[in-house]
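Here is the structure we will look at, set down as structure tokens.
Not measured: the values here are computed from a predicted model. In the text below, chain A, chain B and the rest are named by the order of the sequence lines, each starting its count at 1.
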Amino acid sequence: MPELPEVESTARSLRPRLVGRRVRSVGGVDWPRMLPNTAEDELRAVLTGLAVSTVDRRGKYLLIGLEHDRWLAIHRKMSGNLLLRPAETAAEPHTHLEIGLDDGWLLRFVDARKFGRVYLFGSRGELDAFIAARLGPEPLTDLSAASLTTLLRGRHGRIKSLLLDQAFLAGVGNVYADEALWEARVHPLRAADSLSSREIARLALAIQHVLMLGIERRGTSFSTYRDADDSRGENQDHLSVYGREGQPCPRCGTRIRRIAIGMRAAHFCPHCQRASVRRPATSGTASRSGTARPGLA
DNA sequence: CCACGATCCTGCTAGC
DNA sequence: TGCTAGCAGGATCGTG
């Protein structure tokens, strides 16, 4: 999916186009499960006639605030896109929601894989409770070596898996986790609480750095990700390890390796990112440390 | 509380 | 060329 930089880019491009616009119509819902806490009828009844007051982001959620303290929280998950289109434009395949605006444009939610979700909240308080229940701190504003040290304390799991846990830290996904670990020279299988203070400091900075670069480049676009105006980002042309298995590490030239961690792929440089310590073996025998499993493909 | 595997969906592609 | 197994940027839930 879109990770923090992609959602931030979308929020920035939508903000000037949405704020001040009034909702004229709501429709096109063909997949009820995408509205976990509401339904098309309620969405229409609540939103129609309201003007958009804010467009923001928290973690990977896009937040749209409207008059009367109504809020939409949109998560695109793996394949969702938010597109702004003239109302007369034919709906693209996999359109699951259309919000018509008073300037003749439509905000469309298009999502081939149907993992994306749209939530409706009746107050900022409800939204905040929802967010608080599932998201950790914002990496760009609330992360430092000190706070990361505290967060990692007592966490025995793999650092890569922890970075993907949104309750631990909001907004980092598979691409930026791999990129940050590479920049910080930390092996993805390292036990989170085994990092030295020096490594923690590097990692905190690296997370912020790769996310900021991602935003500057308006996101990483692979096959499906598009911005609201259908444009692609350019960060995919600047990745150091993600998706670069077998290609040289930009820092030392060693071939990038790809392994499986849980059900996700992890890319790293075996020279720059040393495995060293691994977690204490779980009960069984199964996985050994260092020499990781064969990898996915 | 914590760590981890299974699961939800469809499209694309590598490999046979 | 045609089929299909496997993989995709996410997060939740159940289990141990």
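- For A:Ala112, taking side-chain heavy atoms from C-beta onward, the closest of the listed nucleotides B:dG11, B:dC9, C:dA8 is B:dG11.
- B:dG11 sits 23 Å from C:dT12 when the C1' atoms are compared, rounded to a whole Å.
- In this structure, A:Gln166 atom CD and C:dG10 atom P are separated by 7 Å, rounded to whole Å.
- Rounding to whole angstrom units, CZ of residue A:Arg158 and P of B:dC4 are separated by 5 Å.
- An aromatic stacking contact between A:Phe115 and the base of C:dA11 is absent, as defined here by ring centres under 5.5 Å apart and ring planes under 30° from parallel.
- The CD atom of A:Gln273 sits 10.5 Å away from atom CD of A:Glu183, with the distance rounded to the nearest 0.5 Å.
- We find that CZ of A:Arg264 is positioned 16 Å from C1' of B:dA3, with the value rounded to whole Å.
- Computed from coordinates, the A:Trp31 CH2 to B:dT10 P distance equals 6 Å when rounded to whole Å.
- C:dG10 atom P lies 15 Å from atom CE of A:Met263, rounded to whole Å.
- Of the two residues contacting DNA chain C, namely A:Arg113 and A:Arg134, the nearest-nucleotide position lying further toward the 5' end is that of A:Arg113.
- Closest to the A:Arg155 side chain, of the nucleotides B:dA3, C:dG10, B:dT10, is B:dA3.
- DNA chain C is contacted by both A:Tyr61 and A:His267; A:His267 maps to the nucleotide lying nearer its 5′ end (nearest heavy atom per residue).
- Using Watson-Crick or G-U wobble geometry with both donor-acceptor distances under 3.5 Å, B:dC9 finds no partner in any strand shown.
- In this entry the distance linking CG of A:Leu162 with P of C:dG10 reads 15 Å, nearest Å.
- Rounding to whole angstrom units, CZ of residue A:Arg33 and C1' of B:dC8 are separated by 6 Å.
- Contact check, A:Lys60 against C:dG10: a side-chain N or O comes under 4.0 Å of OP1 or OP2.
- An OP1 or OP2 oxygen of C:dA11 is reached within less than 4.0 angstrom by a side-chain nitrogen or oxygen of A:His75.
- The distance between atom CD of A:Glu6 and atom P of C:dG10, rounded to the nearest whole Å, is 9 Å.
- For the 3.5 Å distance criterion, the side chains of A:Arg218 and A:Ser13 fail to qualify, holding no donor opposite an acceptor.
- Minimum atom distance to the side chain of A:His94 is reached by B:dG11, of the listed C:dG10, B:dG11, C:dT12.
- Defined by atom type and a distance below 3.5 Å, a donor-acceptor pair is missing between the side-chain atoms of A:His96 and A:Asp111.
- The closest side-chain donor-acceptor pair between A:Tyr61 and A:Gln166, if any, does not fall under 3.5 angstrom.
- Between A:Arg258 and C:dA8, a side-chain N or O to OP1/OP2 separation shorter than 4.0 Å is present.
- Comparing the P positions of B:dC9 and C:dT4 gives an interatomic distance of 22 Å, to the nearest angstrom.
- A salt bridge links A:Asp102 with A:Arg21; the closest basic N to acidic carboxylate O contact falls under 4.0 Å.
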